[in-house]
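Below is one structure, written out as structure tokens; comments come after it.
All heavy atoms count here, side chains included; hydrogens, waters and symmetry mates do not. Along the sequence shown, the residues carry numbers beginning at 1.
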Amino acid sequence: MADPLSVILLARLSRGSLNSCPQVQFLQRWENLDRFIPNRSAMDFDFAHYMLTQRGKGKENQSAVRSQSKEAYLKLLAETFNMNRSRILTFKNKPPTPVKLIPDEFYSSVHQSKPSKPLRRIPQTPERTLDAPDIIDDFCLNLMDWGSSNVLALALQNTVYLWDASNGSASELVTVDDENGPVTSVSWAADGQYIAIGLNSSDVQLWDSTANRLLRTLRGGHQSRVGSLDWKNHILTTGGMDGQIINNDVRVHSHIVATFRGHRQEVCGLKWSTSGQQLASGGNDNLLYIWDRSMASMHSRSQWLHRLEDHTAAVKALAWCPFQRNLLASGGGGSDCCIKFWNTHTGACLNSVDTGSQVCALLWNKNERELLSSHGFMQNQMTLWMYPSMVKIADLTGHTSRVLFMAQSPDGRTVATAAGDETLKFWNAFGTPQVKKAAPKAEHPGPFPHIRRIR
């Protein structure tokens, strides 16, 4: 016996009524398409409306009979996984107040036991001012130095004067004749007793300041004036207008032991590093050289360690950092106006600061991480910088001409400045160094510390 539904379908097929069914028409149209490309002629809007409005009516009754346990589960699930979208971008309740395990009295006692370091007051006026008549206003000369015996040497034309800072007395060391003068540089040896004097005639004299006696004269090294001097133990290094740098052993008769050739113009600044391993030289050719002691040679041209060309004006101001090895500060002249910091091991420029005026001299603070620079036009000031941030701490003004020379007292407290305005001023720029208390000495345990003593 045939199925009644099959009989009905066969009858409709015979009459063609099945083709009028919307479902069959949609399937036939879908089979004619090889891929899904939206086509308005292939869409049956009546069937689509039926699927959207009538198909879900049977499920509405099922959602109404959801159990209470399932509702509770879904609610808990939403709270656990933060599925409550209404809480997005809304403020939550304040967190609970933390429990103080340590009372506030403990912190107050700690801060009282370790007070913060007070800010140092920097006087804006000099402590003392002296006359320096007829001082030579020349950027490439080095006419002032402060020795370890607390005596300041200052060259005025053909005469070298000594000023004793301990009692304020001044005396004349030597006056050279016009054939050799004027004096172009002075530099104290490390002992503070012997002083080297460079002359315009290319000679260099060595004097005993305590006996006021000429020890010897170094000749034959330079062809013109000697404007730069620096000591390294018994080696006196001289730099001349001829561009040569010469190491002189003052103990022997043939004093020239090494020659450094690199500068094409006058050598304006010379500084040995604290370790005595490296020598920095600045010249009027805008060049800065770093020389290594091991490369010095008497018979051949010594090869430099680094040849630095970043400055755009004469380089005179040089200062080795006392608290960081291989760190050198250099200053450029009027068309450069920059203080640059160098890693002399690699030759890299670490930082460059435009000061806005000619840099004549540089001094590091021996007790703090500070740098003092002296300048020319327009303000003729000294500027104290904080290192390494190079934040300006203070400007010290008082000179009316460029501050060409600076020297630091042996204790690092006072700075002397000499300028083209023919004055010598003393500044408390670096302050009084703090005296560290000596640590208490531990009791000596004796030769047998592990054996208990009988008292």
* Under 6.0 Å from the CE atom of Met386, do we count more than 12 heavy atoms belonging to anything else shown? -> no

* Side chains of Phe260 and Leu270: closer than 4.5 Å at any heavy-atom pair? -> no

* To do: Give a yes or no answer on whether the side chain of Asp285 reaches the backbone of Leu287 with a donor-acceptor pair at less than 3.5 Å.
  => yes

* Structure fact -> Closest heavy-atom pair, Phe139 versus Gln358, reported as atoms and distance to 0.1 Å, is CD1-NE2, 3.4 Å

* Walk me through it: do Trp342 and Asp310 pass the test side chain to side chain contact (heavy atoms under 4.5 Å, CB included)? => CA-CA 11 Å; Trp342 308 90; Asp310 292 32; 3.6 Å; yes

* Kindly compute the distance separating CG (Asp178) from OG (Ser201), expressed to the nearest 0.5 Å. => 11.5 Å

* Yes or no on side chain to side chain contact (heavy atoms under 4.5 Å, CB included) for Thr414 and Trp146, after CA distance, side-chain angles and deciding distance? -> CA-CA 10 Å; Thr414 306; Trp146 204 328; 4.2 Å; yes

* Spacing of CG belonging to Leu288 relative to CG belonging to Leu328, to within rounding of 0.5 Å -> 6.0 Å

* Asked: Hey, is NE2 on His234 packed in by over 12 heavy atoms from elsewhere, all under 6.0 Å?
  -> yes

* To do: For the residue pair Asp208 and Gln193, establish whether any side-chain heavy-atom pair is separated by less than 4.5 Å.
  => yes

* Structure fact -> One should read off an interatomic distance between Asn351 CG and Asn343 CG, to the nearest 0.5 angstrom, of 13.0 Å

* For the residue pair Lys392 and Thr383, establish whether any side-chain heavy-atom pair is separated by less than 4.5 Å. => yes

* **Positive for side-chain contact (heavy atoms from CB on, under 4.5 Å) with Phe430, one of Leu384, Asn367, Ile122** => Leu384

* Asked: Should Ile135 and Met144 count as side-chain neighbours, where that means a heavy-atom distance under 4.5 Å?
  -> no

* Is it true that the side chains of Asn286 and Glu309 contain a donor and an acceptor less than 3.5 Å apart? -> no

* Report yes or no: does Thr274 contribute a side-chain atom to a donor-acceptor pair with the main-chain N or O of Pro322 at less than 3.5 Å? => no

* Got a second to check how far Gln278's CD is from Arg325's CZ, nearest 0.5 Å? -> 8.0 Å

* Tell me, yes or no, whether the heavy-atom count around Asp177 atom CG, taken from other residues, nucleotides or ligands under 6.0 Å, exceeds 12. => yes

* Is the backbone of Pro182 close enough, under 3.5 Å, to the side chain of Arg225 for a donor and an acceptor to pair up by distance? -> no

* To do: Indicate the ring-plane relationship of His399 and Trp427, choosing parallel, tilted or perpendicular according to the 30° and 60° boundaries.
  => tilted

* Verdict with reasoning, Asp336 to Thr312, per side chain to side chain donor-acceptor pair (under 3.5 Å) -> CA-CA 5 Å; Asp336 182 80; Thr312 58; 3.1 Å; yes

* Could you verify whether a donor N or O on one side chain and an acceptor N or O on the other, from His306 and Thr344, lie under 3.5 Å apart? => no

* Asked: Can you tell me if OH on Tyr73 sees more than 12 non-hydrogen neighbours from other groups inside 6.0 Å?
  -> no

* Asked: CD of Glu127: more than 12 outside heavy atoms within 6.0 angstrom?
  -> yes

* OG1 on Thr355 to CD on Gln379, rounded to 0.5 Å -> 10.5 Å

* Structure fact -> On a heavy-atom basis, the closest approach of Ala280 and Ile290 is CB-CD1, 4.0 Å

* Asked: Heavy atoms, side chains only, cut-off 4.5 Å: are Lys271 and Leu279 in contact?
  -> no

* Asked: With distance as the sole test, does Asp421 use its side chain to make a donor-acceptor pair with the main-chain N or O of Thr400 at under 3.5 Å?
  -> yes

* To do: Check whether any side-chain N or O of Ser224 sits under 3.5 Å from a backbone N or O of Asp242 as a donor-acceptor pair, and report yes or no.
  => yes

* Below 4.5 Å, heavy atoms only, C-beta onward: do Leu206 and Leu236 meet side chain to side chain? -> yes

* To do: Would you name the heavy atoms of Asn248 and Val257 that are closest together and state the gap between them?
  => N-CG2, 4.5 Å

* To do: Taking the side chain as every heavy atom from C-beta outward, state whether Ile197 and Leu173 have any atom pair closer than 4.5 Å.
  => yes

* Nearest heavy-atom neighbours spanning Asp354 and Cys337 -> OD1-O, 3.5 Å

* Might you confirm whether atom CZ of Arg128 has over 12 heavy atoms from other residues, nucleotides or ligands at distances under 6.0 Å? => no

* To do: Could you tell me whether the side chain of Asn284 and the main chain of Ala314 form a donor-acceptor pair under 3.5 Å?
  => no

* Asked: Backbone N or O of Leu141 within a donor-acceptor pair of the Lys316 side chain at under 3.5 Å?
  -> yes

* Does a side chain donor of either Ser281 or Trp291 reach within less than 3.5 Å of an acceptor in the other side chain? -> yes

* To do: In sequence, state the C-alpha distance, the side-chain angles, and the governing distance for Ser185 and Ser228, and then conclude on side chain to side chain contact (heavy atoms under 4.5 Å, CB included).
  => CA-CA 6 Å; Ser185 56; Ser228 302; 6.0 Å; no

* Which heavy atom in Asp145 sits nearest to a heavy atom in Ser187, and how many Å separate them? -> OD2-CA, 3.4 Å

* Could I get the full list of salt bridge (charged side-chain N to carboxylate O under 4.0 Å, His left out) partners for Lys366, not counting sequence neighbours? => none

* Structure fact -> Between the OG atom in Ser335 and the NE2 atom in His311, the distance rounded to the nearest 0.5 Å is 11.0 Å

* Any sub-3.5 Å donor-acceptor pair from His255's side-chain atoms to Arg219's backbone N or O? -> yes

* Would you check if the distance from the ring center of Trp364 to the ring center of Tyr387 is below 6.0 Å? => yes

* Do Ser401 and Asn380 have a side chain donor and acceptor closer than 3.5 Å? -> no

* ring pair (Phe, Tyr, Trp, His ring centres under 6.0 Å) contacts touching residues 402-421 (sequence neighbours left out) -> none

* Are there more than 12 heavy atoms of other residues, nucleotides or ligands under 6.0 Å from atom CZ of Arg293? -> yes

* **Flag side-chain contact, heavy atom, 4.5 Å: Lys425 against Val403** => no

* Asked: Counting only N and O atoms by type, is there a donor-acceptor contact under 3.5 Å from the side chain of Tyr289 to the main-chain atoms of Gly262?
  -> yes

* Can you check whether Ala190's main-chain N or O pairs, donor with acceptor, with Trp231's side chain at less than 3.5 Å? -> no

* Asked: When you look at Leu229 and Asn142, which way does the side chain to side chain contact (heavy atoms under 4.5 Å, CB included) test go after all the steps?
  -> CA-CA 8 Å; Leu229 300 169; Asn142 294 271; over 6 Å; no

* Asked: Of the non-hydrogen atoms in Leu318 and Ser330, which two are nearest, and what is the gap between them?
  -> CD2-CB, 3.8 Å

